[in-house]
Amino acid sequence: MYVIGITPGVFQIARAAGAEIAREFAGIEEKLRYGYTVGCNFFQIDQEVFGEFVEPNLIKRISRLIQEMNIQWALHGLLIGEVYQTLEPINFILWKLSHLILNRDLIFLYEILQEIKRNNYSKEVFPHYTIYHASKELVVGYAYFREKEILSEVLTTTPEGNTDWDSFLEKRRKLKEWFLENLFEILFKREVSRRFAGFIPSPLSLALINSLYIPFKDNKISEEDLRKILEKIKEDISEINIDNIVSSFNNLKEIGIKLIDENIIRIEEKVGSPSLINFLRDIYPKIKKLFEKVEIFFKEKNLENEFKKAKLESLENSYLIYKQQYERGIAKGAILYEDIAMVLVCKDVEFGYFEPNYKSFLSKKTCEFLIKRLLDGKKIEEHVREAYKKLDIKFEKELIDFERGEINLTPKLNVLASIVYSISHFLVGIENFPEILDETKRRNIHLNEEERKRIEEFAKKSPYEKLKIIIEELRKIGVDREEAFFIAIETPEASPPYEGLRRICRLKDVFITSEALNLEFQVRYNTNEKAFAACIDTEHLLSNAFNINNEIEELIKYIEKWKNEIYSRVAIYHIGIPKPYFGTTHIPFDIGSDEQYLIYEYSFKLKKAGFNDEKKNNLKRYSYLIFERGGGQLPFQFLRTVILALRIIKKYLEMNIEPNEIEKKKEYYSEFFGFDEQFIREKEIIFRHALEPLKGLIVWPEETHTILGREAIERFRKRPEEWAGEEYK
């Protein structure tokens, strides 16, 4: 069924309108009580502080309200619109804050559920859902935008919720090899330029030399063969001293591990003259050419595996030094560049999708889902190349631009990585948050030991486990909604001048995020329960400079394409007159307005995205039409006739009336816009007599009609003094 409701105003908005009205919105119970006076019985409460949950006797008072007034309610997550209220941050500090808020929310909700069961309160005391914005952070390295928002020198988070990228890579050998061969050189160069003033050879240079050295050392290729290789291509690399290369091999193994250390200056003493450091610096631009030709030679000799092994071994040595620097000063295996972290996450998903035996952080089914839905089943590099071609850029862009030292993330790669980070919150527990457990214990000290232990054990679990327990217990007390309780992922608002630059901001991508969260939940717990849904806010879409109709149409096309395997739906529509002021205007609309018809058009289209009232598995399906209030001191200032207009929209959605039918049929038109037959007749009469009040007041041109003219006397029978008196009426 369709449910119409409002957000009964937050305390901060009301306080801006004046101290007296603000009192009506101080606390959850007050918001619910005040909301009841506006003509509906469903309210989405904007949660502003955690203290609202622990207000004395809160659940008891909400229970009384529900019993007396038959109201229902939901939550809009804490600190709505703040960056750490969303789930996708890669910045370690913001990730921790997001994780903290999510876990506290779920623990509070579980405590509410226990109080409902303990006191035998109505099941409607428990909220229907809570909402989080899909994104609040700007993208990193957005394709075709030259001004990139790359955050550097900030600790990044692995999907496991810590800063230890080394351990993350160690569990994924294929990903680590890809990282060393492709990303480590860029990471190394950035760190070298940041930490050292002098020249330090690239780890790739060392890898090239070492890849020659190992087969030579193992007697799989003779010194004479090596000389022949180098002599053969001498004309291409005439500056290279071949004797120095050969004589340096025996030293490479010993000194390679120290090349990146702070004692770099002493290397010259160990290598001799000319020094290896000067050698690498002088010929580095040409050494790649040498590398390619030597690699071909080794392939011909069937030594390809040895060559690759040597290269990786040398890169491992260089990486070991990199790690040691951070273990001493910052954190084990730290990465301070978000674009590098995001690409690693994307490749992790790709390997989980393409490699049957690859152990990814996510389930293989979720990896497959993300690659299929977001990248059309393409490999990351292939996807980037095609994405840039579509933009008519004449040169082909690769994922990694070694010349510029840049990583070219497309919008879809931003979405892909951000979805993984969103899912990561639900897979990771509170191991790094002992304060959450301590706070939970202190808050529930008044309960008996059995109840305290139950809540404390719940607090230790991952958010996915928490959700599973909450849904199971709601089913036990008779909640018969299709989604017993769910978390809605909402289209995010923008902030000037970054319209459209959030990591997850397109409607289709927000929907895919809710799908991915659902899928991972269902796969891990072997359940058909849907714990996530999408929430559309048309103001937010417009504030991101998106065409609302186009966004909805794109989503519908996507759903029709994958109709046999859709894991979510649009369950909530946040309604207001669409104005492009960063999703915060929340202007009411009235019966008979153009906006009423426009909102109905959007709502009707959204039925194809699951925004409908059909039952599923004999469970009630609710779709929520929620008006979010803005400012205004009195109810009529922020509400006007919105509720009446929403009732009409709800009725016509349930009747399944096409929007164009409303204008074609007189009976639909008159009812939808609040007109009856009598009103239409009166409207016509008013129109026909609209100009009559102006009779005798129209100023004629002076030549034909003045106070002395014959026209005034003969036609209007007005004496000059009468005419003069009416001149300014």
Side-chain angles (χ1 to χ4, degrees), residues 88 90 137-152 156 158-159 165 168-169 172-191 202-204 207 288 291-292 295 308 311-312 315 319 335-355 358 360-362 367-368 370-421 501 503-504 509:
E88 102 284 15
I90 293 162
E137 287 208 302
L138 298 178
V139 300
V140 179
Y142 199 88
Y144 58 81
F145 278 91
R146 298 310 305 156
E147 294 181 2
K148 298 185 177 183
E149 297 287 336
I150 296 177
L151 298 177
S152 61
T156 59
T158 72
W165 284 96
F168 185 79
L169 291 167
R172 300 157 167 78
R173 188 63 205 174
K174 191 175 181 68
L175 182 65
K176 186 171 184 180
E177 287 181 8
W178 184 88
F179 164 71
L180 291 173
E181 291 178 350
N182 296 278
L183 278 185
F184 181 53
E185 182 179 6
I186 286 181
L187 176 60
F188 179 84
K189 283 180 176 177
R190 289 183 186 178
E191 286 304 304
S202 160
L204 184 58
K288 283 187 178 180
F291 176 63
E292 290 168 3
E295 187 172 19
K308 184 178 179 182
K311 180 183 173 185
L312 283 171
L315 287 168
Y319 179 59
I335 292 177
L336 305 188
Y337 304 92
E338 289 196 356
D339 53 348
I340 290 177
M342 291 182 81
V343 168
L344 279 172
V345 169
C346 291
K347 290 299 290 189
D348 188 43
V349 173
E350 179 190 293
F351 289 142
Y353 170 63
F354 286 108
E355 298 293 326
Y358 182 74
S360 177
F361 179 71
L362 302 178
C367 290
E368 289 177 352
L370 290 171
I371 295 290
K372 277 183 182 177
R373 301 290 180 89
L374 285 169
L375 307 185
D376 295 322
K378 295 180 177 66
K379 293 192 175 184
I380 303 294
E381 288 84 355
E382 187 183 4
H383 159 77
V384 172
R385 205 172 299 123
E386 288 193 8
Y388 275 92
K389 276 184 180 177
K390 287 177 183 176
L391 296 169
D392 294 326
I393 295 177
K394 292 182 180 177
F395 56 92
E396 281 193 1
K397 273 281 185 183
E398 301 292 342
L399 177 64
I400 301 168
D401 187 334
F402 288 101
E403 295 300 318
R404 292 187 175 91
E406 291 180 354
I407 293 164
N408 299 306
L409 293 167
T410 67
K412 290 302 179 187
L413 293 186
N414 281 291
V415 174
L416 179 59
S418 299
I419 288 175
V420 175
Y421 276 103
L501 296 185
R503 287 187 176 137
I504 309 175
D509 294 338

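Listed by chain and residue number, E170, E316 satisfy the side-chain hydrogen bond (donor to acceptor under 3.5 Å, both in side chains) test with K176 (two or more places apart in sequence, or in another chain). Not counting sequence neighbours, the partners of D401 by the side-chain contact (heavy atoms from CB on, under 4.5 Å) test are K397, E403, R404, E406, N408. For E177, the side-chain contact (heavy atoms from CB on, under 4.5 Å) partners at least two apart in sequence or on another chain are R173, K308, L312. By the side-chain contact (heavy atoms from CB on, under 4.5 Å) test, A341 is found to be paired with I90, T156, W165, Y421, residues two or more places apart in sequence or in another chain being considered. Residues passing the side-chain contact (heavy atoms from CB on, under 4.5 Å) test with R172 are E160, F168, L175, D348, Y358, F361, sequence neighbours excluded. When the salt bridge (Lys or Arg N to Asp or Glu O under 4.0 Å) test is applied to K174, the partners found at least two apart in sequence or on another chain are E355.
Listed here is the closest heavy atom pair of M342 and S418: CE-OG, 4.4 Å. Here the shortest heavy-atom pairing between G352 and S360 reads CA-CB, 4.1 Å.
In summary, D509 and R503 do not engage in a salt bridge, as defined by a charged side-chain N under 4.0 Å from a carboxylate O. Residues K347 and E381 are paired through a salt bridge, judged by an N-O separation under 4.0 Å between the basic side chain and the carboxylate.
Ring geometry for F184 against F179 counts as tilted: the plane angle lies between 30° and 60°, on a 0 to 90° scale.
The distance from atom CD of E338 to atom CD1 of I340, rounded to the nearest 0.5 Å, is 11.0 Å. Rounding to the nearest 0.5 Å places NE2 of H383 at 3.0 Å from OG1 of T410. Here the CD1-SG distance, from I371 to C346, works out to 7.5 Å after rounding to the nearest 0.5 Å.
Crowding of K379 atom NZ: a count of heavy atoms from other residues, nucleotides or ligands under 6.0 Å not exceeding 12.
Each of D339, V345, I380, I407 was compared with L413 under the side chain to side chain contact (heavy atoms under 4.5 Å, CB included) criterion, and only I380 meets it.
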Please step through side chain to side chain contact (heavy atoms under 4.5 Å, CB included) for the pair L169 and L344, ending with a clear verdict.
CA-CA 9 Å; L169 291 167; L344 279 172; 4.1 Å; yes

Let's go through V343 and W178 carefully: what are the C-alpha distance in whole Å and the side-chain angles of both, what is the deciding distance for side chain to side chain contact (heavy atoms under 4.5 Å, CB included) to 0.1 Å, and is it a yes or a no?
CA-CA 11 Å; V343 168; W178 184 88; 3.4 Å; yes

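Here the side chains of L374 and I419 are in contact, with some heavy-atom distance below 4.5 Å.
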